[in-house]
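Read through the structure below, which is laid out as structure tokens, and then see the notes.
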Amino acid sequence: MVQYTKTNSMDILPILQQGVANAVQALYGMEVGAESVNMQSTRKEFEGDYTVVVFPYTKAARKKPEAIGEELGAYLKENIEQVQDFNVIKGFLNLVLSDEYWLTFLEDASTNATYGRQPRNGKVVLVEFSSPNTNKPLHLGHIRNILLGWSSAQLLDAAGYDVKKVQIVNDRGIAICKSMLAWRKFGKAETPQSSGIKSDHFVGKYYVMFEQKFQEEYRFWQHSEQAGSLYKGRKKEEQSEAEFFKAFKNTYFNEYSALGKEAREMLLAWEANEKAVRDLWKQMNGWVYDGFEETYEKLGVDFDKLYYESDTYLLGKESVQQGLKDAIFYQKEDGSIWADLTDAKPALDHKIVLRSDGTSVYMTQDIGTAQLRYQDFGTDRMVYVVADEQDYHFKVLFEILKRMGEPYADGLHHLSYGMVDLPSGKMKSREGTVVDADDLVAEVIAEARKNIEERGELVDMDKPELDEILRKIGLAALKFFIIKVSPKKRMTFNPQESVDMQGQTGPYVQNAFVRIQSILRKAGNASRNFSDYKTIESGEKELLAQIYAFPTVVQSAAESYDPSEMANYCYNLAQRFHKFYHDYSVLRADSEEAKAFRLELSRTVANVLESGMEMLGIEMPERM
RNA sequence: GGCUCUGUAGCUCAACUGGAUAGAGUACCUGACUACGGAUCAGGAGGUUCCAGGUUCGAACCCUGGCAGAGUCACCA
């Protein structure tokens, strides 16, 4: 019979699972994998630390669940040193671990500087996020994207991967030409410096101006004879004039508009590499990048490499030709090249990968860019943080890359997330209901300032130090508010609630950390020797069990690309600490051992909170 | 219309992937040691988990059929 005695305190859960598996084998002759043993933490209304669900063994045992629970419990108590006691309620076997075990665990966790982080696994994962267009500033939608990308990258790093953070900058195309054209026509050589406008907002101003001028032109045209006869000739029955012209807008831009024509000509000139247009393009994009950089810095994010669409938009063509030879694609009579994906496991459709005139589509570039990245980094996995409107695109892309036999094809993942709505409904740039990223950051910091002033806290602190704290608090509120929501769900962004600092918020978690720092400062170098502490209280055990779960949460959140798991974990840990703090005194504990134990417990909680929040891109202040 | 995603307290979100009496926050009401920091804690009230069937010891979760919302079905990006 296997004995489970002295062992690594970090692995008690697998040991318990293996114990159950062995017990089931020994008692009922049933083979079960240890991983499949259903082990969960015991609900707080019952006595115990971990709970085994015994229903799965009723068939093999031919006994009542209660009896099975008793037998399994007795076996585990007999064979596993750390199991001190057990009780059975209905089909649930609650295991009580010994205090000695928990003391050992705390000792191990508190002395491990990288607790929760996995050793390097030698694998490279690339995370693509942000990836804005260069015609206007970043907004709330980008913020969700950036926070998801950043936190996923941090989590994967903690899980042992070598992470490369990249973006693909959409720096070319008709949109940037619109800004360029408006600036050239109406800008009068104005610059961000001369106007005092942040440089990406400056470019955005001209993008908006183009839209306005175009709308003016379009409205004027609608009264022309040409427009009138087009409406009569093409309208669907019952379609009002207003409805018709709303639907006709794109066609008008492409076929009738003078401004549209100029913009398209500019795009052609850009493609023909005309110097004047290229120079203007470089200048305006340069302005945008300066502005973006400032915003990224404020958000505390950075990238390892930027890919620019102007460099990559011709990539992939050769691979498509090769794929045609390999019969992965087929060619139509007009010369266009297609992928037939109708036999994919969840069936997809036919998809074009190269136009009849030999030019690229989005898919072509994405194929080429993926290959380029593999050459650059030798990636084992690639994660694309892109909104869920592109779900289908990525299904197709991944299927194609798989058929092309790309070595990283099994490691592709689309981190799809839902759009951000406002309480008033969808964000629409045309209706001016877009929440600007810079404004938002400024607002949450202002709110933090208002809060701290109302409280009269930290009045003694000098300004730069206080500003730094306010930045941490404000950003914590904003980031946590967004990250706590499961990515694939569409979320409602309520501006008032996003600056909340009480309840389930970033500052609430920070406050737990700050309280601990305060205790530790006051404790000075009081004894940390808690080996004589004998009776762990229930509120303390809850914290220990929660700390124990941390590495598992890191692993799970990373592997499922879901930072919200970590956010919820941090909140729960902070919540338990606040309760513990209220129920027990640390510095005035009944005994020296209790004080030492609680100090070390608190310190470990603080470390885990700081570490977990860092994985979300949220920093901890020492005071607040 | 086809396909995909979502639907849980008034509101914003959880639920360890099929486990015990579905949990937090917020808003509302009530309370907390002359305070290891009250950005905290405790209590109250708040539920047909969109609906109807099915699977089983057990379903918010799986299956079938509906309903509602969103997205997508371009030689656009």
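Treat the numbers as computed from the prediction; the structure is a model and nothing was measured. Lettering of chains follows the sequences in order, A, B, ..., and the numbering in each one begins at 1.
Side chains of A/Asp171 and A/Ser310: a donor on one and an acceptor on the other come within 3.5 Å.
Proximity note for A/Ser486 (side chain, C-beta onward) versus B/U12, B/U17, B/A14: the nearest is B/A14. When distances are taken from the side chain of A/Tyr392 to each of B/U12, B/U72, B/G19, the shortest belongs to B/U72.
Among the protein residues, A/Asn572 comes within range of no part of the nucleic acid, since none of its heavy atoms lies under 4.0 Å from any strand. A/Tyr508 comes within 4.0 angstrom of sugar-phosphate atoms only, judged by non-hydrogen atoms across all strands, and of no base. Among the heavy atoms of the strands lying under 4.0 Å from A/Ser336 is at least one base atom, whether or not backbone atoms are also near. Among the heavy atoms of the strands lying under 4.0 Å from A/Tyr584 is at least one base atom, whether or not backbone atoms are also near. Among the atoms of the strands shown, none is found under 4.0 Å from any heavy atom of A/Ile174. Using a 4.0 Å heavy-atom cutoff across all strands shown, A/Met624 reaches at least one base atom of the nucleic acid. Across all strands, A/Val53 comes closer than 4.0 Å to base atoms (heavy-atom distances). Counting non-hydrogen atoms under 4.0 angstrom, A/Val553 reaches nothing in the nucleic acid. Within the nucleic acid shown, A/Asn494 has no heavy atom closer than 4.0 Å to any nucleic acid atom. Nucleic acid contact for A/Gln575: sugar-phosphate only, since backbone atoms but no base atoms lie under 4.0 Å from a heavy atom of the residue.
An OP1 or OP2 oxygen of B/G23 is reached within less than 4.0 angstrom by a side-chain nitrogen or oxygen of A/Arg43. Regarding contacts with the backbone of B/G37, a side-chain N or O of A/Lys522 is found under 4.0 angstrom from either OP1 or OP2. An OP1 or OP2 oxygen of B/A39 is reached within less than 4.0 angstrom by a side-chain nitrogen or oxygen of A/Arg455. Distances shorter than 4.0 Å separate none of the side-chain N or O atoms of A/Lys595 from OP1 or OP2 on B/C36. Here A/Lys488 reaches the OP1 or OP2 of B/U6: one of its side-chain N or O atoms lies under 4.0 Å away. Considering only side-chain N and O atoms, A/Ser518 lies under 4.0 angstrom from the phosphate OP1 or OP2 of B/G37. Phosphate contact (OP1/OP2 of B/C36, side-chain N/O of A/Arg588, threshold under 4.0 Å): present. The shortest distance between the side-chain N/O atoms of A/Lys90 and the OP1/OP2 oxygens of B/C57 is not below 4.0 Å. The shortest distance between the side-chain N/O atoms of A/Tyr417 and the OP1/OP2 oxygens of B/G71 is not below 4.0 Å. The side chain of A/Arg490 contributes no N or O atom lying less than 4.0 Å from OP1 or OP2 of B/G7. Of the side-chain N and O atoms in A/Lys484, none sit less than 4.0 angstrom from OP1 or OP2 of B/U26.
Taking the syn range as angles within 90° of 0, the glycosidic angle of B/U55 is outside it, so the base is anti.
Across B/G7 and B/C61, the matching C1' atoms stand 13 Å from one another, rounded to whole Å. The same atom, C1', is picked in B/A24 and in B/C16; the two are 15 Å apart, to the nearest Å. The same atom, P, is picked in B/A27 and in B/A39; the two are 15 Å apart, to the nearest Å. For the C1' atoms, the distance from B/A14 to B/U26 is 14 Å, rounded to whole Å. The C1' atoms of B/U34 and B/C29 are separated by 26 Å, rounded to the nearest whole Å. Rounded to a whole angstrom, the distance from the C1' atom of B/A35 to that of B/C13 is 32 Å. For the C1' atom pair drawn from B/U21 and B/A60, the interatomic distance equals 15 Å after rounding to whole Å. Across B/G44 and B/U8, the matching C1' atoms stand 22 Å from one another, rounded to whole Å.
Judged by distance alone, the side chain of A/Asp562 and the main-chain N or O of A/Ser564 form a donor-acceptor pair under 3.5 Å. Between the side chain of A/Arg528 and the backbone N or O of A/Leu599 there is no donor-acceptor pair closer than 3.5 Å.
Look at B/U72: its Watson-Crick or wobble partner, with both distances under 3.5 angstrom, is B/G2.
The pair A/Glu399-A/Lys351 fails the salt-bridge criterion, with no side-chain N (NZ, NE, NH1 or NH2) lying under 4.0 Å from an Asp/Glu carboxylate O.
In the interface, the side chain of A/Asn250 is not paired with the base of B/A74 through any donor and acceptor atom under 3.5 Å apart. For B/A20, the base has a donor-acceptor partner in the side chain of A/Thr51 [N/O atoms by modelled type, under 3.5 angstrom].
Aromatic ring pairs are classed by plane angle as parallel below 30°, tilted from 30° to 60° and perpendicular above 60°; the pair A/Tyr50 and A/Tyr548 is perpendicular.
Evaluation of the side-chain contact (heavy atoms from CB on, under 4.5 Å) rule for A/Thr364 yields A/Lys317, A/Val320, A/Leu354, A/Ser360, A/Val361 as partners, not counting sequence neighbours.
Protein atom OH of A/Tyr50 is 17 Å distant from nucleotide atom P of B/C16, rounded to whole Å.
Proximity of the aromatic rings of A/Tyr313 and A/Trp270 is defined here by a centroid distance below 6.0 angstrom, and this criterion is met.
Ring-to-base geometry does not place A/Phe55 in a stacked arrangement with B/G58 (centre distance under 5.5 Å, plane angle under 30° required).
Here the shortest heavy-atom pairing between A/Pro621 and A/Val514 reads O-CG2, 3.3 Å.
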